Amino acid sequence: MKKYFFLLLIYISALLPSSGQSLNVANLHDVALEEMAVARDIKLTGKLEAHAPWSKRGGTDWRQLRDCCCALRHLDLSQATAECVPANALHSRHHLQSIVLPQGIKEIGSQAFFSCDSIEEIIIPASVEKIGQSAFNLCRRLRKVVFEGAPKVEDFAFANCPLLQDIVVKDSRPKFSVLAFIGTRSIYEEDLMALDTLSSSPNIIPQPAVVRRANRLPLDWADLNGIKADKALSNEKRILEAILRESTEYSGHSLAGTKGVASLSIDPSLSDPEAYVLDADMAGLNIRGGSAAGVYWGIMTLRQLLLDSNGSSTRRYTLAAIHIEDQPRTHIREIMVDPARTFIPFDDLKALVPLLAQYKFNALHLHLSDDQAWRMEVKKYPLLTEVSSVRPAMDDMLTPSPGYYTQKQMKELVAWGEQHHVMIIPELEMPGHEVAAVHAYPQLTCGGKETPLRTICGVSNELLCPGSAFTLQFLKDVLKEYADVFPCPYVHLGGDEAGQPPLGSWTECPDCQALKTRLGISPVNNRADNWRLQKYLFDEVITYLRDDLGKTPMYWYEPDFKEIQPGSVTFAWRGGQTDAAIDSALKNKVKVMLCPGDHCYFDYPMAPGDMPEVNWGMPTLSLKKTYALDPAFGRDAQFEKETLFGVAGTLWSESINTPERITYQLFPRGLALAEAGWSPADRRNYDDFLRRLRPHLNDLQRRGISVSLAEEK
Ligand code: ACM
Ligand code: ZN
């Protein structure tokens, strides 16, 4: 209780304008976490290292300034020494208002101040030779930049800074990339005009099944006389219209009086509801889809055809004649986000949906509760959000993460997802990862123990008690409310990491023992007996889900969990155990979602030293490794057709502490996964993917979306 009170104080002091403390020290190494958490004015005078031994708690001064000094407003480094401001040094520190940079630094790394949107003015010392990509991208309040020297300023370095009017250049002009100020102002318009904007070959991700340049005259956007669409495609028509008006010379009325139109239609003869065929030439644009989803994916492909090789948004006059035939290799392409550990504000969550759809992901999976917090309104159990929706801290980051979604918001998200053909899959964990529920309703756990919310990463031993009648009722009630909000046919039931040792807390519990006796679970050994008890709990919940709510259950595969009801979906997540998970799926006649940690865990850093550079010991996951995922995992065509459900990427958020860092972890690896899940095996090639990737990374940065630029070492 005392700890929560202290954390509450930190939270309040971070919000108040004038409270908080000053720190004037050489380095942060010896400063207590509690002091760091409330310091608003910090002056460092020592030597600032760019890199620290990786994967250890603590980290460099830069890392602690960013992640642990959550009240920081003013940072004075005028008397500190440093070689550089490293990449991502103060990424998305929204409260930081001013910084005096160390003299003598040579470089400001990429995204060093990405989305530091309270900074109004910055002086770049004369010693700086280079300002990296997106270094100040999305600094929405930045008004003035003084260049004391003439550094090289890379792409998007000052993109999306709408108030930036005052650029003071001292003796000689910095060497600005032509994309340095995109989305900010066209100070060097003549440079922008000179851009080579037409890429010669299409840069589509995921790679379509068939792309042919047609030997016909190009489509002239100004010649199009409107958009014709089947009645069922009014949503897709609206989306196409918005894209054409933003990116082309299309006006809806051809001044030349030609008859060409854009036409959208459903063609049930196509091989898959998500398949589409796109044709463009001087006669017009034609997109046919197996369903509205197929038409929508065709429009997403068209959007990519309008991107130029720099990702810039120059309006297009023409589109070279082209023919594309396409369909997905796997049926579900999913990204999982974790608002339980770090809350994702509703608008940021919504913004993810069209971003995923752009790359033909069709599912967003919400990990809505865990040991650290509960994020979803449940009307029958109001304490879940009243007492369990503020995660007090996470490891050395004493920053509370408050927030939950109302059912009304989630219905809005579902409707938004439907517009973009992205279904929203809710997850309710059982029987582990449920401390937030237990904290609110202690009668859910063995012995009714009072249990605090977890403030560190890792797994709690506190489980739901299957022997308590309240537990089953609670799960059914919550699932009923979820079913009323989320129309998607799937519900994820968790099932992972239930206790260390597995399910140990059930061994001592008289209610669990009595249940075992009632169920005739004859003692073998505690571990085996407890897993049979877990099977009982899953069976009860699955039967209710299937028979009463008409839903298909999903769960995280665990090797101890030998049997599951046919018709479910298992998630193969444990690195190195994918074959075992697939064998188990085949034996149990369930489908399998591929999300092995060694290809799909995007919460892992992309390279040593990349974010999160301080974590619980995660391995790295390179872009190349993600790209290498074979969704069939070497199995035969029958497996691919009958058992493979899809691919999923996860973004567990113990170490992702701002919404901007979600996209940083997601891109570019999410694009590699999109291609693994969608494109035919014989159309995939890593070098070609890298060639196609650059315009997409540029497009994302141009729009103020953070992406990892870490190089593979
Ligand atoms: C998991 O990563 N615990 C499913
Ligand atoms: Zn129990």
Side-chain angles (χ1 to χ4, degrees), residues 10 14 23 25-39 42-72 75-77 80-96 99 101-102 105 107-116 132 135 341-342 391 393-401 455-458 601-621 652-658 660-662 664-665 706 708-711 713:
I10 291 177
L23 268 180
V25 290
N27 296 94
L28 289 170
H29 305 148
D30 300 325
V31 179
L33 283 177
E34 289 77 5
E35 255 188 280
M36 269 194 250
V38 295
I42 298 184
K43 179 166 180 161
L44 299 186
T45 53
K47 181 164 172 24
L48 308 184
E49 302 294 345
H51 302 289
W54 186 59
S55 275
K56 297 277 188 313
R57 282 163 207 260
T60 61
D61 289 304
W62 292 110
R63 188 266 154 183
Q64 297 191 59
L65 285 168
R66 183 188 65 213
D67 291 339
C68 305
C69 299
C70 53
L72 176 62
L75 179 60
D76 182 351
L77 302 176
T81 47
E83 295 267 302
C84 65
V85 179
N88 308 318
L90 291 160
H91 191 287
S92 49
R93 293 326 311 159
H94 298 292
H95 295 307
L96 180 67
I99 175 164
L101 293 171
I105 50 168
E107 182 174 336
I108 297 176
S110 61
Q111 301 185 62
F113 297 94
F114 187 97
S115 196
C116 284
R341 270 50 172 269
T342 302
R391 185 213 70 195
M394 182 60 81
D395 298 324
D396 64 357
M397 298 178 280
L398 304 189
T399 324
S401 172
T455 58
I456 51 173
C457 62
Y601 268 38
F602 300 149
D603 46 320
Y604 297 173
M606 198 161 91
D610 195 19
M611 287 199 290
E613 69 259 50
V614 170
N615 61 54
W616 46 264
M618 294 182 259
T620 53
L621 171 58
W652 304 105
S653 286
E654 288 94 338
S655 302
I656 299 177
N657 60 19
T658 64
E660 291 83 354
R661 282 168 64 170
I662 294 177
Y664 185 93
Q665 300 299 126
S706 184
S708 175
L709 299 166
E711 301 278 335
K713 304 256 167 35

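Numbers for residues simply follow the sequence, beginning at 1. On a predicted model such as this, the values are computed, not experimentally measured, just so you know.
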- Task: Report the residues that fulfil salt bridge (Lys or Arg N to Asp or Glu O under 4.0 Å) with Asp67, sequence neighbours left out, ordered by chain and then residue number.
- Result: Arg63, Arg661

- Query: Does the side chain of Ser401 reach to within under 4.5 Å of the side chain of Met394, using non-hydrogen atoms?
  - Reply: no

- Query: Run the side chain to side chain contact (heavy atoms under 4.5 Å, CB included) check on Leu72 and Met36 step by step: do they pass?
  - Reply: CA-CA 9 Å; Leu72 176 62; Met36 269 194 250; over 6 Å; no

- Message: Between Leu44 and Val25, does the side chain to side chain contact (heavy atoms under 4.5 Å, CB included) criterion hold? Intermediate values first, please.
- Response: CA-CA 5 Å; Leu44 299 186; Val25 290; 3.6 Å; yes

Which donor-acceptor pairs under 3.5 Å do the side chains of residues 80-88 make with protein atoms, sequence neighbours left out?
{"from": "Asn88", "atom 1": "ND2", "to": "Tyr664", "atom 2": "OH", "distance (Å)": "2.8"}

- Under the salt bridge (Lys or Arg N to Asp or Glu O under 4.0 Å) test, which residues partner Glu654, sequence neighbours left out? Arg341

- Message: Could you tell me if Ser706 and His91 have a donor-acceptor pair between their side chains, going purely by distance under 3.5 Å?
- Response: yes

- Message: Do Ile99 and Leu90 have side chains that approach each other closer than 4.5 Å (heavy atoms only, starting at C-beta)?
- Response: yes

- Message: Does any part of the side chain of Cys69, heavy atoms only, come nearer than 4.5 Å to the side chain of Leu28, both counted from C-beta?
- Response: yes

- Message: If the condition is side chain to side chain donor-acceptor pair (under 3.5 Å), which residues does Thr60 pass it with, not counting sequence neighbours?
- Response: none

- Item | Listed partners of Arg66 passing salt bridge (Lys or Arg N to Asp or Glu O under 4.0 Å), at least two apart | Glu613

- Would a 4.5 Å heavy-atom cut-off, applied to side chains only, mark Thr399 and Asn657 as touching? no

- In this structure, CD1 of Ile656 is separated from CZ of Phe602 (nearest 0.5 Å) by 11.0 Å

- Hey, could you give me the CZ/OG distance between Arg93 and Ser115, rounded to the nearest 0.5 Å? 10.0 Å

- Note on the structure: Sorted by chain and number, sequence neighbours left out, side chain to side chain donor-acceptor pair (under 3.5 Å) with Asp61 holds for Asn27

- Of all heavy-atom pairs linking Glu660 and Ser92, the shortest is OE1-CB, 3.6 Å

- Message: Can you confirm whether Asp395 sits close enough to Cys457 that some side-chain heavy atom of one is under 4.5 Å from a side-chain heavy atom of the other?
- Response: yes

- Query: Is the backbone N or O of Thr342 less than 3.5 Å from a side-chain atom of Ser653, with the two atoms forming a donor-acceptor pair by type?
  - Reply: no

- Query: Of all heavy-atom pairs between Met618 and Pro612, which one has the smallest distance, and what is that distance?
  - Reply: CE-CG, 3.6 Å

- Are any non-hydrogen side-chain atoms of Ser708 and Gln665 less than 4.5 angstrom apart? no

- Calculate, to the nearest 0.5 Å, the distance between atoms CZ and OG1 belonging to Arg391 and Thr455 respectively. 9.5 Å

- Is there a side-chain contact between Ile42 and Asp76, using heavy atoms and a 4.5 Å cut-off? no

- Message: Is there a side-chain contact between Met611 and Ser655 in this structure, where contact means two heavy atoms from C-beta onward sitting under 4.5 Å apart?
- Response: no

